[in-house]
Amino acid sequence: MPVPVIVLNFGHSVLNSLEDYTQAASEIYRHYRQGQNVVAVTSAQGDQTDVLMAEARRIGPEGDAKNLPELLQLGERRSAALLALALERIGAPAFVRQARDLGLKAEGSFTEARLTSLNTPQLLQDLKDHDIVVMPGFVAIGEKDRAVLLGDGGADLTALYVADQLGVEAVLLKDVDGIYEVDPKSNPDAARYQEISWADAASVAGPLIAPRALGFAKKNKVPFRVGQPGLPSYTRVGAKTGDKKPAPVPQKLRIAMMGLGVVGGGVFRRVAAHSDQFEIVKIMVRSPDKYIDQGYNPEILATEFSDLVMAKPDVFIDVSGGIEPALPHCKAMLEAGVHVVSANKQAIAAGGQSLLDFANRHGAQLRFSSAAGGGMPVLEMCLREKGRITCVQALLNGTTNYMLDEIGKGRSYAEALKDAQDKGFAEADPTADVGGADAGAKIRLIAMLGFDEAITLDDIPMDSIADFNPEAPAKGAWKRISKLWKDQNGFSSGLQLKDLSRNNFLAQADGEEAHAIFDFDDGDQYRIRGKGAGRWPTTESVMADLFDISETTLT
Ligand code: HSE
């Protein structure tokens, strides 16, 4: 079965500052973890196009200049590169493609050209190889092989054209979560269309959607959505106009956290950037002084769990390590109906299915996407595909992935370990990373969610990489593979160090990158990837859980 694809267009209004690229990457990651491949089409940041135009006017010839598109496309290209960098930071597998690479051709006026073709097989191959393709909107290759532009708001048109060529859905992301009868910024009670026809959208959507893009969609009957990053609401644009309703608003969630280390610090910063949706009310740490020195508000720091409970949070985020006291604290929160997002694989693996059942009984959500795979959505895949999975092979410990790569390049075990610690990949006590207990906890989580199997660490034969200083270089690449499978003998699992052929998808992971291969009972196979450890990939996974919870609180 082919992996579903979605085209997301990031308009000028949602790319106003460098911080907005982080939000855009987050939006893409949320689609990726739901099992979609993404084509992200970028607009220029804010008023970049006007700035470039002013420069062209100062230097260029009077009137129409054939080389104008060479300059004006730079805004969209810059955005594509910045977005790819933001994706790379969170470990998402982004690949930038230019209009020329993708055979995106157009004819007619070189400032308002008409799109005529796309090398669809190339784009599909890129998606297969990289999962996420970022491309600049607004520009195409015109007659005589010159760059041409698609007119005002041309990135909308690029996105709709690409979606139409691929036969998939496009979402145009704006600074408003859909199409309203009147501008919701000046009319807070304005109603949003759930669904609107192309013709009606043309009369009410004003400058929100580029008229040429709407004209293209109407003529070619291309349905699409208009939405806003981070919000679940949107308007469908298509054949007919439906009801209007005020937009549902997610409840602002009060958050209590336990832990403020590598991941905790990242979560703190990302949550602070969404102060309209989340508020951190308390953070439990061992030594508040250390964090006060770093500028944290003393009022939100606590050393006692009871302070967290008294702060009456809606969500408890556990970014601490170890089973105690994390597991009893998670249970206490769940019992009080507080949703829990946990990055703590040891505590969740120890709690097992009974912890999930406990959460259900108390009407609370327990989410722990970041507990295995870092930014690689391995647990989402398990939840989605449970019942048809026959085998999972994965690189589950970022520290080991990184160290084996470095050792393969000729570095010593000690140097590689020190580096992995400095980069924030390793646990406080790296014995669990190199010995296998960290990957073991993640194997237990995959066994639980993907195979309905409750196993202990002792059930998993494990190769340690402690003091691994191979005498001969690998023929392919050293990888320690977590494997879980079902066959006529029942369920098995293991963690094995291997010299893997470079042709193997798992061997192609670099550094702390994680790769996983899922085999299904119908012979189908899916491959996923992401960074397996580190502040930003893990933080993004926690944030995605938080956004998913937020979506369930619409009022
Ligand atoms: N120490 C862990 C690893 C962190 O290296 O994979 C992410 O779970």
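In each ligand, atom 1 is the first atom listed, and ligand 1 is the first ligand listed. What you see below is based on every heavy atom in this structure, not just the backbone, and it leaves out hydrogens, waters and symmetry mates. Counting begins at 1 with the first residue of the sequence. Source: prediction; values computed, not measured.
- Using a 30° and 60° split on the angle between ring planes, F95 and H130 fall in the parallel class, below 30°.
- The pair K345-E427 meets the salt-bridge criterion, with a side-chain N (NZ, NE, NH1 or NH2) lying under 4.0 Å from an Asp/Glu carboxylate O.
- Between the CZ atom of F468 and the CG atom of D463 there is a distance of 10.0 Å, given to the nearest 0.5 Å.
- Under 4.0 Å from any atom of ligand 1, one finds heavy atoms of residues K345, L396, N397, G398, T399, F425, A426, E427, D433, D438, K442, G532, A533.
- With respect to R33 and D545, a salt bridge is recorded, a charged nitrogen being found less than 4.0 Å from a carboxylate O.
- Electrostatic pairing of R254 and D314 does not count as a salt bridge here, judged by no charged N lying under 4.0 Å from a carboxylate O.
- At a threshold of 4.5 Å between non-hydrogen side-chain atoms, the residues K331 and L355 count as touching.
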